[in-house]
2 protein chains.
Amino acid sequence: MAVTLGDVARHAGVSLATASRALNGSARSVTEELSAKVRASADALGYLPNAPAQALARSSGATIGVLLHDVADPYFGGIARGVGDAAARAGLLSLVTSTDGDPRRELEAIRMLHAHRVRAIVLAGSAYNDVSVIQELDEALAAYQEQGGRVAAITDHGPLYDTVEVANKEGAAALTRALLDLGHRRFAVITGPERMRVAEDRLDGVLEALDESGLTPVEGMLQRTEFTREGGRAAMARIVDVARESGTPLPTAVIALSDICAAGVLAELRARDIAVPEEISVAGFDDIPLATDLAPALSTVRLPLARMGEFAVRLALREGGGRDLADNSHASAEVVLRDSTAAPGVY
Amino acid sequence: MAVTLGDVARHAGVSLATASRALNGSARSVTEELSAKVRASADALGYLPNAPAQALARSSGATIGVLLHDVADPYFGGIARGVGDAAARAGLLSLVTSTDGDPRRELEAIRMLHAHRVRAIVLAGSAYNDVSVIQELDEALAAYQEQGGRVAAITDHGPLYDTVEVANKEGAAALTRALLDLGHRRFAVITGPERMRVAEDRLDGVLEALDESGLTPVEGMLQRTEFTREGGRAAMARIVDVARESGTPLPTAVIALSDICAAGVLAELRARDIAVPEEISVAGFDDIPLATDLAPALSTVRLPLARMGEFAVRLALREGGGRDLADNSHASAEVVLRDSTAAPGVY
DNA sequence: GGTGGGTGGGAAAGCGCTTGCCAGCTCCCC
DNA sequence: GGGGAGCTGGCAAGCGCTTTCCCACCCACC
């Protein structure tokens with residue numbers, strides 16, 4: 001029913017082999033004359049290669065897999081876009097799987113991507129700190145790699161994979177220092193679940209910077225939650241409640257380690273009539289597109305989301321594939337101060 | 001190198017055919033005894049089916065393609081998420097292509113998805129009003145359908161495809177009426193490019209509702225722009241400039257037919273020190289997750305983005321595949337009034 | 001006890017493509 | 001002018017799976 005390479009070959013009066021080489025072949029060359037004839041036949045017939053067949057014959061598909069928590073989340077959406085663009089540039093399509101960070105679904109997703117013989121898997125935020133599954137994940141990925149698959153991680157997922165190093169820790173530290181410079185001394189920090197490596201890295205950065213100034217977050221001023229709006233809102237509520245119950249003053253600065261979280265924080269503070277930044281400064285992380293449109297415009301740390309995705313693909317697809325650590329890409333993080341932060345007590 | 005079905009068959013002491021039937025086969029049955037043996041061997045060996053090979057043999061892949069403008073855009077991200085979830089439930093993976101609404105890239109994407117023999121293509125916002133390419137797109141999709149492909153569209157893309165009917169027009173009309181009810185009479189409307197069907201539908205709804213009240217947008221008060229933040233900002237700037245130059249009063253209500261656009265509108269108004277909603281009410285469309293966190297919280301029309309994606313998949317995958325119009329799904333739109341709108345002149 | 005029908009296993013023919021290998025040709029150099 | 005060297009075409013063997021036949025077998029029934 002569909003037009004096959006065979007049809008094209010017959011129409012052009014050449015062999016199947018020649019047709020194949022003319023249209024996709026790389027190693028061997030075909031005279032321009034024949035090649036042109038084949039190409040002409042191909043589009044006269046409206047030939048469309050059969051990707052699965054090619055994948056089978058070459059034993060490597062024309063796709064790239066992306067593993068992430070949720071495409072609808074701006075952070076991951078940005079990465080997915082970058083991966084998709086880079087893939088398209090390489091003539092590949094991208095397979096996107098949203099796992100909500102559920103380890104079992106991640107494992108499942110890796111297996112499916114492997115089954116589809118994707119050329120590379122990009123890991124963007126997986127449950128890589130969850131010891132209960134990390135081994136299974138590693139095994140699944142190892143099996144994939146053994147069969148020629150490439151995997152690139154965005155943010156550290158261990159030394160086994162090429163990784164796009166994201167300056168999460170540095171960025172968080174810089175952000176914290178910026179707040180310290182403004183004069184803040186009472187901090188609250190809202191981070192993500194322990195199983196998320198990114199969250200841990202960012203938290204480390206914050207703690208380190210605080211430590212440099214001889215500070216440690218007081219009991220209750222360090223909250224762990226999911227990186228969601230609701231998570232941020234609830235965490236902020238807890239922070240205020242803890243402070244009020246214990247009679248301690250509110251923090252003057254709240255650092256939410258994800259912009260989405262920070263949006264929840266802002267919402268909660270608004271609901272409680274606590275002025276930002278007058279009473280409390282709030283900062284996020286990621287600089288998602290709408291960060292600047294929040295009320296007030298959110299101070300945050302800018303990450304080049306799409307480029308991170310592109311880097312990952314480039315890393316995974318690069319020639320040779322020798323895992324040369326020097327090749328790891330770096331994504332820098334830049335502090336962006338907007339209206340949600342100010343010096344404490346200036347009002 | 002990889003474990004093949006043949007290996008499993010040998011290990012289980014059965015034929016290739018039996019192994020295939022035990023693991024995936026449908027038509028023919030295999031005795032439970034053998035079947036169990038095969039399954040045991042399969043996971044003893046860590047067998048992972050080769051999807052491309054299966055796709056080739058069955059001449060239909062285990063993937064679904066999604067065509068959209070930009071995964072990083074919250075509107076499309078939500079849809080992509082829904083498609084991905086529904087696909088996963090059906091044991092499929094989803095191939096996502098961001099085309100930025102460029103007709104040529106859409107055509108290219110359709111061809112690639114076809115080449116990959118995706119089981120269905122979900123059209124979410126394509127250049128379907130652009131006559132210069134609509135024919136080519138239709139041809140490409142027709143070719144795909146002829147070979148057994150299914151296509152489902154989110155929002156009307158013509159009668160040739162199953163479609164998830166989105167109440168764009170009705171929602172826009174309802175939103176407009178809500179503003180009329182508040183007392184607004186001077187409107188400005190910011191819509192998307194003509195080639196976008198959604199934009200046209202929404203605009204129709206607005207105009208129809210205005211017409212019911214005997215209103216028509218004045219010259220310059222109807223702006224067309226891309227559905228982006230910057231597009232919205234620029235359009236709002238033009239609206240203010242036009243009004244000032246012509247000495248007409250500013251509109252009391254601005255309807256931006258996409259939330260992202262509305263974010264730009266709010267930013268521009270803020271920059272010009274025009275108070276929302278005191279001086280101008282602003283409304284968006286889509287109810288993207290962060291709409292409620294904008295400043296002020298955005299009034300908008302809620303669309304069940306993820307469910308729209310799921311519907312599309314269900315439509316495309318349903319049994320038989322008879323294109324029964326009665327089967328078309330409907331996605332309702334609900335007006336959500338928040339702080340960005342108020343009665344005119346109450347301040 | 002013979003025959004017809006039903007059932008489950010296996011051999012083998014593809015699915016559409018890539019690619020290793022061989023054959024034929026041209027070209028060049030001694 | 002003869003003989004490699006170097007190209008370019010074509011043949012055919014897969015890639016890993018599904019599926020059509022065919023066959024062996026078992027049961028039931030006359």
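Just so it is clear, the model here is predicted, and its values are computed rather than measured. In what follows, every chain begins at residue 1, and chains take the letters A, B, ... in the order their sequences are listed. Computed from heavy atoms alone, side chains included, the values below leave out hydrogens, waters and symmetry copies.
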Rounded to the nearest Å, what distance is computed from the CG atom of residue B:Leu23 to the P atom of nucleotide D:dT18?
8 Å
Name the nucleic acid region contacted by B:Ser20, choosing base, sugar-phosphate or nothing; use a 4.0 angstrom heavy-atom cut-off, strictly under.
base
Atom-pair distance (CG on A:Leu34; P on D:dG9), nearest Å
5 Å
Ion pair A:Arg81/B:Asp100, N-O distance below 4.0 Å:
yes
B:Leu48 atom CG is separated from D:dC17 atom C1', nearest whole Å, by 14 Å
Report the distance from atom CZ of B:Arg21 to atom C1' of D:dC21, rounded to the nearest whole Å.
10 Å
Tell me: CG of B:Asn50 to P of D:dG14, nearest whole Å?
18 Å
CG of B:Leu56 versus P of C:dC15: gap in Å, rounded?
9 Å
State whether B:Asn24 places a side-chain N or O below 4.0 Å from either non-bridging phosphate oxygen (OP1 or OP2) of D:dT18.
yes
A:Arg10 atom CZ is separated from D:dG9 atom P, nearest whole Å, by 19 Å
Of B:Leu317, B:Leu113, B:Ile121, B:Val118, the residue whose pairing with B:Ile64 passes side chain to side chain contact (heavy atoms under 4.5 Å, CB included)
B:Leu317
Is the closest basic N to carboxylate O distance between A:Glu32 and A:Arg39 below 4.0 Å?
yes
Over 60° means perpendicular and under 30° means parallel, so classify the ring planes of A:Tyr144 and A:His114, tilted if in between.
perpendicular
So which one's nearest nucleotide on DNA chain D is more toward 5', B:Ala17 or B:Ala53?
B:Ala53
So, is A:Thr4 close to the C:dC15 phosphate, meaning a side-chain N or O under 4.0 Å from OP1 or OP2?
no
Ignoring backbone atoms, establish whether A:Gln54 has a side-chain N or O less than 4.0 Å from OP1 or OP2 of C:dG16.
no
Is there a donor-acceptor contact under 3.5 Å linking the side chains of A:Arg119 and A:Ser60?
yes
Between A:Leu141 and A:Ile110, does the side-chain contact (heavy atoms from CB on, under 4.5 Å) criterion hold? Intermediate values first, please.
CA-CA 7 Å; A:Leu141 287 170; A:Ile110 290 174; 3.8 Å; yes
State whether B:Ser15 places a side-chain N or O below 4.0 Å from either non-bridging phosphate oxygen (OP1 or OP2) of C:dG10.
yes
Distance check, rounded to the nearest 0.5 Å: A:Leu123 atom CG versus A:Leu137 atom CG?
8.0 Å
Separation of atom CG in A:Leu5 from atom P in D:dC15, rounded to whole Å:
20 Å
Name the nucleic acid region contacted by A:Pro49, choosing base, sugar-phosphate or nothing; use a 4.0 angstrom heavy-atom cut-off, strictly under.
sugar-phosphate
Rounding to 10 degrees, work out the angle separating the end axes of the helix from C:dG1-D:dC30 to C:dC30-D:dG1 (five pairs an end).
50°
Within less than 4.0 Å of OP1 or OP2 of D:dG10, is there a side-chain N or O belonging to A:Thr18?
yes
